[in-house]
Every structure is written in structure tokens, then in C-alpha cells.
Amino acid sequence: MKKWIQNVCLCVSAIALMAACEPGSGDSDATTSTTGTDLTDGNDSSDGLDITDGIDVSDGTDMSDMSDMADSNDSTDDTVIEYPVIEFEDNKDNPTLGANCDPGGGIESPGADIDAASLEAADGTLLAYLSGCSVLNPGSCENDNASAANAEGQPDLPNGEVLDTYTSLNGGLMRCAWEDGIGAQSGDLITVYEVGKATGTTVETYAVRLCLSIGGNCTFDKTELTGEASFNVDELLQ
């Protein structure tokens with residue numbers, strides 16, 4: 001009888017052990033490694049926020065866009081400023097002006113006397129002479145050479161004064177265009193021909209500016225030029 005009871009107990013223990021080994025019910029733990037929150041869910045390294053999304057270094061705002069270093073405001077633009085007008089201003093301290101005017105005999109030529117001016121390219125190629133000249137704000141001295149047209153075209157004289165071949169500034173200023181509408185630009189060369197008397201009278205001084213129009217808008221002076229003077233346009237653009 002005792003042995004039969006032991007056998008019954010062994011059977012009950014075996015049944016209990018088998019029950020414990022069966023798969024769990026719906027109340028079992030739902031956070032195992034196969035749940036919806038493991039490394040393969042919607043937030044892992046392959047989701048829509050990784051380095052291949054729409055805001056990475058290959059998006060529309062990288063260095064190849066329209067605002068990069070190759071835009072229209074960089075240092076490679078080819079804008080060239082041209083100055084179609086040149087201005088000559090007399091030095092009011094010239095000895096042939098003021099109370100005495102021109103004390104010379106025969107030809108009255110008060111102030112600096114502009115015979116011509118030439119514009120050349122940097123390689124020395126002649127581009128133009130003066131044209132369309134006009135004198136502004138002249139003084140009250142008698143002037144036998146008041147016509148601005150006398151300064152137009154090529155130089156008339158290598159030296160010395162001859163009536164009606166130059167323009168005496170008479171304390172004022174003269175503005176001229178360049179022939180054929182050409183404009184002076186950086187790198188060009190200008191030569192101004194200012195003459196003195198054949199008797200050796202000291203030539204007089206004047207200033208030069210470059211202008212954007214016949215009405216003005218001019219650059220700084222190149223001051224104290226005298227006689228025949230050559231210079232680079234860049235000297236007037238500083």
C-alpha cells in the first residue's frame with residue numbers, strides 16, 4: 001500500500017512538471033528579445049533619420065548650390081569702368097592770370113595752353129584724340145585762344161606757341177570727349193600736350209580728371225602737371 005502511494009505521488013509530480021514546461025498563456029511577459037522594440041523596429045539605424053535622409057551633406061544647400069563661391073558676386077566678374085570724358089582745370093596761380101592777365105605782347109594766352117591730348121592702350125596703340133571740347137567758367141582776361149576746338153585732334157606743335165593752334169584755359173576748365181566715343185579705362189595711357197612760347201616762357205600748370213559724362217562725375221585730380229605730360233589712367237583712379 002505504501003509503495004502504491006509513492007507511485008501515485010511520483011505520477012502527480014510528473015504531471016505538474018509537464019504542466020510547468022508547456023508554452024505560456026497570454027499573460028506571459030511581452031518584452032522578450034522578439035518584441036516590437038528590438039533593434040529591427042522603426043527607430044533603429046536604418047530608419048528615416050539616418051545619414052542618408054534629406055538633410056545630409058548632399059542636400060540642396062551644399063557647396064554646389066547657387067550661393068557658393070562661383071556666384072555672380074565673386075572676384076571673377078568682368079565689369080570694366082570706362083571714362084568717356086577728360087577734364088582739364090587751370091591753375092589759378094599761373095602767372096598769366098590774376099590782375100596782370102597775360103603780360104606778353106601780340107598773342108594773349110592766359111593760363112595753361114592745351115594743344116591736344118592722346119589716349120593709348122597699355123601696349124602703346126593709339127586709341128583716340130580729343131573731340132567735342134567745351135570751356136567752362138573762364139576768367140575775365142583777354143584771350144586770343146578761347147576756342148575749345150583748338151584742343152581737338154592730333155597735336156599741332158612739338159613746342160612753341162602759334163595763334164589758333166591750342167586752347168588757353170584762362171583760369172577755367174575744359175571738358176572733352178574722346179574720338180569715336182572711346183572711353184579711357186584702367187591700364188590706358190594719356191599724354192597731354194601743353195605748350196609754351198617759342199621764346200622759352202615757362203609752361204604753366206594744370207590738373208586733369210576723368211569723368212563718366214560731359215556733365216561731370218569726375219575722379220580725383222592728377223595735380224601740378226606742366227608742359228607735355230604722360231601718365232597711366234590708374235594714377236587718376238586711386
Side-chain angles (χ1 to χ4, degrees), residues 66-94 111-137 145 147-161 165-169 171-196 202-238:
M66 294 300 293
S67 60
D68 62 8
M69 295 182 66
D71 64 11
S72 58
N73 294 320
D74 62 10
S75 60
T76 61
D77 65 68
D78 55 0
T79 301
V80 176
I81 299 177
E82 294 188 348
Y83 296 86
V85 174
I86 184 170
E87 178 182 279
F88 308 87
E89 183 174 16
D90 208 356
N91 184 342
K92 290 181 170 52
D93 292 329
N94 280 328
D113 305 316
I114 307 300
D115 180 28
S118 64
L119 177 65
E120 298 179 352
D123 63 1
T125 301
L126 178 65
L127 299 176
Y129 291 112
L130 302 177
S131 69
C133 296
S134 59
V135 175
L136 306 173
N137 306 320
N145 296 282
S147 175
N150 291 342
E152 298 173 8
Q154 63 184 4
D156 296 294
L157 303 169
N159 51 53
E161 288 184 356
T165 62
Y166 56 87
T167 303
S168 296
L169 298 181
L173 58 85
M174 178 172 65
R175 287 183 187 151
C176 304
W178 296 106
E179 293 173 327
D180 301 322
I182 291 175
Q185 58 184 272
S186 177
D188 288 346
L189 305 174
I190 293 176
T191 299
V192 181
Y193 300 88
E194 197 275 333
V195 298
T202 302
V203 293
E204 295 173 293
T205 59
Y206 55 95
V208 173
R209 301 181 184 92
L210 297 178
C211 307
L212 294 174
S213 71
I214 201 69
N217 198 359
C218 304
T219 62
F220 296 105
D221 298 349
K222 180 173 177 54
T223 57
E224 297 303 316
L225 292 175
T226 186
E228 183 177 324
S230 298
F231 52 90
N232 193 296
V233 165
D234 292 339
E235 296 181 47
L236 298 180
L237 303 181
Q238 299 177 358

Task: Main-chain N/O of E194 paired to D115 side chain as donor or acceptor, under 3.5 Å - done: no
TODO: Test side-chain contact (heavy atoms from CB on, under 4.5 Å) on Q185 and I81 and set out the steps.
DONE: CA-CA 6 Å; Q185 58 184 272; I81 299 177; over 6 Å; no
Task: Contact summary for A184 and V233, nearest pair of heavy atoms - done: CB-CG2, 4.1 Å
Open item on the list: Could you report the tightest heavy-atom contact between S230 and T191, atom names first, then the distance?
Closed with: OG-OG1, 2.8 Å
Open item on the list: Between T223 (side chain only) and A207 (backbone N and O only), is there a donor and an acceptor less than 3.5 Å apart?
Closed with: no
Task: Atom pair CG (L130) and CD (E179), whose distance is rounded to the nearest 0.5 Å - done: 8.0 Å
Open item on the list: Apply side-chain contact (heavy atoms from CB on, under 4.5 Å) to residues V85 and L210 and explain how you reach the verdict.
Closed with: CA-CA 6 Å; V85 174; L210 297 178; over 6 Å; no
TODO: Over all heavy atoms of both residues, which pair between A122 and G187 is shortest? Give the atoms and the distance, please.
DONE: CB-O, 3.4 Å
TODO: Answer with yes or no whether the side chains of D123 and T125 bring together a donor and an acceptor at under 3.5 Å.
DONE: yes
- [ ] Go through the side-chain N and O atoms of S168 and D113 and say whether any donor and acceptor fall under 3.5 Å apart.
- [x] yes
Task: Any F231 side-chain heavy atom under 4.5 Å of L225 side chain - done: yes
Task: Heavy-atom check, side chain of W178 versus side chain of I190, under 4.5 Å - done: yes
TODO: Take Y83 and C218 through the side-chain contact (heavy atoms from CB on, under 4.5 Å) test and state the conclusion after the steps.
DONE: CA-CA 9 Å; Y83 296 86; C218 304; over 6 Å; no
Task: Interatomic spacing from CG in L169 to CD in E204 - rounded to 0.5 Å - done: 9.5 Å
Open item on the list: So S186 and L237, do their side chains get closer than 4.5 Å, heavy atoms only?
Closed with: yes
Task: Heavy-atom side-chain proximity of E89 to R209 below 4.5 angstrom - done: yes
Task: Pair T205-N91, side-chain donor/acceptor within less than 3.5 Å - done: yes
Open item on the list: Donor-acceptor pair, distance only, cut-off 3.5 Å: does the side chain of N232 make one with the backbone of D234?
Closed with: yes
Task: Shortest non-hydrogen contact between E82 and L212, atoms and distance - done: O-CD2, 3.6 Å
TODO: Please confirm whether the backbone N or O of V208 pairs with a side-chain atom of K222, one donor and one acceptor, at under 3.5 Å?
DONE: no
Open item on the list: Could you check whether any side-chain heavy atom of T219 comes within less than 4.5 Å of a side-chain heavy atom of C211, counting everything from C-beta outward?
Closed with: no
- [ ] Indicate yes or no for a side-chain donor-acceptor contact from Y206 to the backbone of G227 under 3.5 Å, with no hydrogens or angles considered.
- [x] yes
Task: R175 side chain to G215 backbone, donor-acceptor under 3.5 Å - done: yes
Task: Validation row: L236, F220 side chains within 4.5 angstrom (heavy atoms) - done: no
Contacts under 3.5 angstrom, residues 148-155 side chains, donor-acceptor by atom type, not counting sequence neighbours:
{"from": "N150", "atom 1": "ND2", "to": "Y166", "atom 2": "O", "distance (Å)": "3.2"}
{"from": "E152", "atom 1": "OE2", "to": "G132", "atom 2": "N", "distance (Å)": "3.3"}
{"from": "E152", "atom 1": "OE2", "to": "C133", "atom 2": "N", "distance (Å)": "2.9"}

Open item on the list: Rounded to the nearest 0.5 Å, what separates atom CD1 in I114 from atom CE in M174?
Closed with: 5.5 Å
- [ ] Report yes if some heavy atom in the side chain of I182 is under 4.5 Å from a heavy atom in the side chain of L119; otherwise report no.
- [x] yes
Open item on the list: Under the criterion side-chain contact (heavy atoms from CB on, under 4.5 Å), I'd like the reasoning laid out for S118 against L126: C-alpha separation, chi angles, the key distance, then a yes or no.
Closed with: CA-CA 7 Å; S118 64; L126 178 65; 4.0 Å; yes
TODO: Side-chain contact test, heavy atoms from C-beta onward, threshold under 4.5 Å: evaluate it for V135 versus F88 and give yes or no.
DONE: no
